[in-house]
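Structure first, then comments.
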Amino acid sequence: MLRSCVCLRTDDDGKRRSSSVEDASSCRSSEIERVGASMQTLGPNGQPQSSAAQTSTRASSLLQLFQRRGWCKHFRKPLRGMSASRAEKTIRAAIFIQKWYRRHQARREMQRRCNWQIFQNLEYASEQDQAELYKFFNDLIKHMPQAAGRKNQYQGSAHVSVLEEKDDLVEEFGDIVNAKIELPIRKNHIDLLIDVFRKKRGNRLHPKYVALILREAAKSLKQLPNISPVSTAVSQQVTVCGDLHGKLDDLLVVLHKNGLPSSSNPYVFNGDFVDRGKRGLEVLLLLLSLYLAFPNTVFLNRGNHEDSVMNARYGFIREVESKYPRNHKRILAFIDEVYRWLPLGSVLNSRVLIVHGGFSDSTSLDLIKSIDRGKYVSILRPPLTDGEPLDKTEWQQIFDIMWSDPQATMGCVPNTLRGAGVWFGPDVTDNFLQRHRLSYVIRSHECKPNGHEFMHDNKIITIFSASNYYAIGSNKGAYIRLNNQLMPHFVQYISAASQTKRLSFKQRMGIVESSALKELAVRMRDHRDELEDEFRKYDPKDSGYISISHWCKVMENVTKLGLPWRLLRDKLAPGTDSQKVNYNRTLDLLDTDVILEAEADGMSVMDALYANKASLVAIFNIIDADNSGEITLDEFETAIDLLVAHMPGAYSKAEMLEKCRMMDLNGDGKVDLNEFLEAFRLSDLHRKEQQDENIRRRSTGRPSVAKTATDPVTLLADKISKNTLVVEHDIDPTDCESKVIDPKKS
């Protein structure tokens, strides 16, 4: 019946045209909706009808409506020639199919949203850890006079003169491609770089050419204004790309589909070029080479991940160290120099602002244009001030445009999910656009399922260009093409499409779901002991079971991730009944080898902080009031008094002072820089050893659920490990699926 149905539409020209069944939902009669809504669901005895009876009633009513209105003639196989019972059965079958399909679609959508919320909340919670470092520095500067007035020795003069120093690079071991790059960089060099980078092996440039590209790019970027002017007067169009996050395959897909930059095909790349992906260095080098080869047609904006503090946490520093182990310090110094001189945003035709994050109710483009952005080697650390007092208002301006997100509700409030920036509402957007005479804003910073999203009455456009960001098939990438009238056209794509084509929908969803659960379990491992203690508070009889509401309450109170825990119960506590939860299943899942190995592969907050030694050095210099190179107990006590007064925490002054005494490893009454750094490393090492000991103690002391081949926890862990799809191959930019989105339909 559904195949034979043809809905007739009347176009603007008055002609009647037929529409396929795919459009049937968009032209459903309002009268049918009214009939369906007014159907009685009570039987003759006043009791609610069964589902089958309700369907029969609905089918009879629809049949009467079709016959009364004469709609049967619109069927290729007319219902008019059928008997009443046969026609009713046909409609009943169609309704059953419709109900099943809608339920199936609803379950798919719920599963997708649940997985998406896990990925997004975990990402923001992780960024929140790094934002805490920014807040710590901010409070130190606010409450410690010597912190604000002292020159930042930890960032010193090395960054200022790095471009003028002579290269002292050494030869690297292993496969180094024999590709010569020389100045000026031209299109043939771009073709050479693409050919080198797209291969899975031997894709490392000689370090001297890496340094050459970074040095020349930093020198050129230094001459640009904070807000780059972009125009379509000559080109009649411009392409805007969002976050790439080390996804070289996505960048090559964009260049393949949209063409290399030229005077008639300019590009704006809106930050977050590195981190998370494995090819961040190649993405950064290729973008900088495009910028040098095609001047005035490639515009690069800074994102919140163009920051060494974020790079220490999210893998880019480790990537550079692994690819250039003998020259990584020098290369990272050049990369920091590129970061500090990247423009903060772009303005298209004086009507469209392009920034990475967003803005707040206090953002002023005039102030941002006047900022000396070279001071901000890292946005998460105090800027270079050369002894001058730090202007926190200026620092906050940069922070807001890098870290903020739009919200549906009115107002401007701190972004508690990320721990940095703000959430800005439609009213803030209207005031900002009116104040700066802008039409709309293009931003990135957030992964979207379809690669783009409209908000605030189409005045905020989010664009995200990294497909398969969380897992294979998790999201599409997209870029925007704007014409001379600033009308946006979106192009969606998925890179490495051949990998996903071989998978069924169920397999793709399984990979996404398993990746989400793995990320969640790794995060929950940090709170494993706390979860067990809280579970046992609701289980005084030590039965191993608690109520669903108590289980959800404990999970949220401990992790603070804001996830739909009831929907996740079957995954995190499998094999339980509908009323009680066996919380030992959750704990056993966290103790599986798959999760422990995943946790070992990651980087903890303390690992990241210690790896980024400059931050600890900055804290040391701030506490060292007399600049002697050693911190006395009196200086510690002064710092603690300020911290307790203005930054209250979980520890008392006596407890914090005792921890400071423990940092004095050699017992001379003072703490030098090496002791300060070593104390952080040893404390985190002790924490990990204690976790391992607790696991061994629990495995021998607490009776746990026996793990057999059919045990739900074992099966789930096995599913998580097997569904991690890692395929290394040469990048083929033609191996993609793409679609152009009609802006009117969008």
Side-chain angles (χ1 to χ4, degrees), residues 130 133-134 137 151-169 205 207-224 226 245-246 269 271-275 280-285 287-289 291-292 300-344 356 371-386 395 398-399 402 608-618 621:
Q130 295 304 313
L133 181 63
Y134 152 78
F137 279 124
K151 182 178 179 179
N152 294 280
Q153 299 175 0
Y154 66 96
Q155 288 179 329
S157 60
H159 288 285
V160 177
S161 59
V162 67
L163 297 180
E164 309 302 329
E165 293 179 359
K166 183 179 179 181
D167 289 338
D168 52 356
L169 302 171
L205 282 180
K208 68 178 181 181
Y209 298 131
V210 174
L212 174 69
I213 295 173
L214 294 172
R215 183 197 296 271
E216 290 303 312
K219 288 181 178 179
S220 179
L221 290 168
K222 188 176 181 179
Q223 310 303 319
L224 299 180
N226 291 345
H245 278 299
F269 293 95
D272 277 11
F273 314 132
V274 300
D275 277 337
L281 184 58
E282 288 81 5
V283 169
L284 181 62
L285 292 175
L287 288 177
L288 294 176
S289 299
Y291 164 75
L292 294 172
L300 305 177
N301 294 341
R302 186 174 185 176
N304 67 309
H305 278 265
E306 277 67 64
D307 190 303
S308 58
V309 175
M310 298 294 289
N311 296 162
R313 169 79 176 186
Y314 292 102
F316 182 57
I317 287 181
R318 280 180 288 173
E319 178 191 341
V320 176
E321 290 175 349
S322 65
K323 292 178 179 178
Y324 295 95
R326 305 186 67 191
N327 296 283
H328 68 273
K329 292 184 178 179
R330 187 68 174 163
I331 291 175
L332 288 172
F334 281 121
I335 291 174
D336 278 345
E337 198 67 18
V338 170
Y339 287 169
R340 68 185 292 202
W341 294 116
L342 280 171
L344 305 177
H356 180 72
I371 290 175
D372 178 12
R373 69 178 188 277
K375 298 185 297 185
Y376 297 90
V377 180
S378 168
I379 301 172
L380 290 170
R381 288 201 299 257
L384 301 169
T385 58
D386 293 328
W395 191 9
I398 296 181
F399 220 91
M402 295 292 174
L609 192 59
Y610 185 71
N612 191 21
K613 187 173 64 174
S615 299
L616 287 175
V617 175
N621 289 334

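Nothing fancy with the numbering, it's 1 onward along the sequence.
Panel note: side chain Arg340, backbone Gly374; a donor-acceptor pair is recorded below 3.5 Å.
Nearest approach of Leu205 to Tyr324, heavy atoms of both residues: O-OH, 2.7 Å. Here the closest non-hydrogen pair linking Pro343 and Leu221 is CD-CD2, 4.1 Å. Heavy-atom minimum distance, Val338 versus Ala218: CG2-CB, 4.1 Å. In this structure, Ser220 and Leu292 approach most closely via the heavy-atom pair CB-CD2, 4.2 Å. Taking all atoms of both residues into account, the shortest heavy-atom contact from Asn301 to Phe273 is O-CZ, 3.4 Å.
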Side chain to side chain contact (heavy atoms under 4.5 Å, CB included), that's the test. Do Met402 and Arg302 meet it? Break it down for me.
CA-CA 8 Å; Met402 295 292 174; Arg302 186 174 185 176; 3.7 Å; yes

Stepwise, does the side chain to side chain contact (heavy atoms under 4.5 Å, CB included) test hold for Arg373 with Leu224?
CA-CA 11 Å; Arg373 69 178 188 277; Leu224 299 180; 4.0 Å; yes

As a quick check of understanding, evaluate side chain to side chain contact (heavy atoms under 4.5 Å, CB included) for Val274 and Tyr314, giving each step before the final call.
CA-CA 9 Å; Val274 300; Tyr314 292 102; over 6 Å; no

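One finds the CG atom of Asn304 at 13.0 Å from the CD1 atom of Ile398 (value rounded to the nearest 0.5 Å). Phe334 CZ to Leu288 CG: the interatomic distance, rounded to the nearest 0.5 Å, is 13.0 Å. Interatomic distance, CD1 of Ile371 versus CH2 of Trp395, reported as 12.5 Å (0.5 Å rounding). One finds the CG atom of Leu332 at 9.0 Å from the OG atom of Ser308 (value rounded to the nearest 0.5 Å). Here CG of Leu285 is found 8.5 Å from CD1 of Ile331. Values are rounded to the nearest 0.5 Å. The CD atom of Glu319 sits 9.5 Å away from atom CG of Leu284, with the distance rounded to the nearest 0.5 Å.
The closest side-chain donor-acceptor pair between Asp272 and His245 falls under 3.5 angstrom.
For the pair Met310 and Asp275, the minimum side-chain heavy-atom distance is below 4.5 Å. Asn226 places none of its side-chain heavy atoms less than 4.5 Å from the side chain of Asp372.
Residues meeting the side-chain hydrogen bond (donor to acceptor under 3.5 Å, both in side chains) test with Tyr339, sequence neighbours left out: Asn311. In terms of the ring pair (Phe, Tyr, Trp, His ring centres under 6.0 Å) criterion, residue partners of His356 (sequence neighbours excluded) are, by chain and number, His445. Partners of Phe269 according to the ring pair (Phe, Tyr, Trp, His ring centres under 6.0 Å) rule, which considers only residues two or more places apart in sequence or in another chain, are Tyr267. With sequence neighbours excluded, no residue forms a side chain to side chain contact (heavy atoms under 4.5 Å, CB included) with Ser322. Qualifying side-chain hydrogen bond (donor to acceptor under 3.5 Å, both in side chains) partners for Asp307, counting only residues two or more places apart in sequence or in other chains: Ser378. Here Glu282 pairs with Lys323 under the side-chain hydrogen bond (donor to acceptor under 3.5 Å, both in side chains) rule; sequence neighbours left out.
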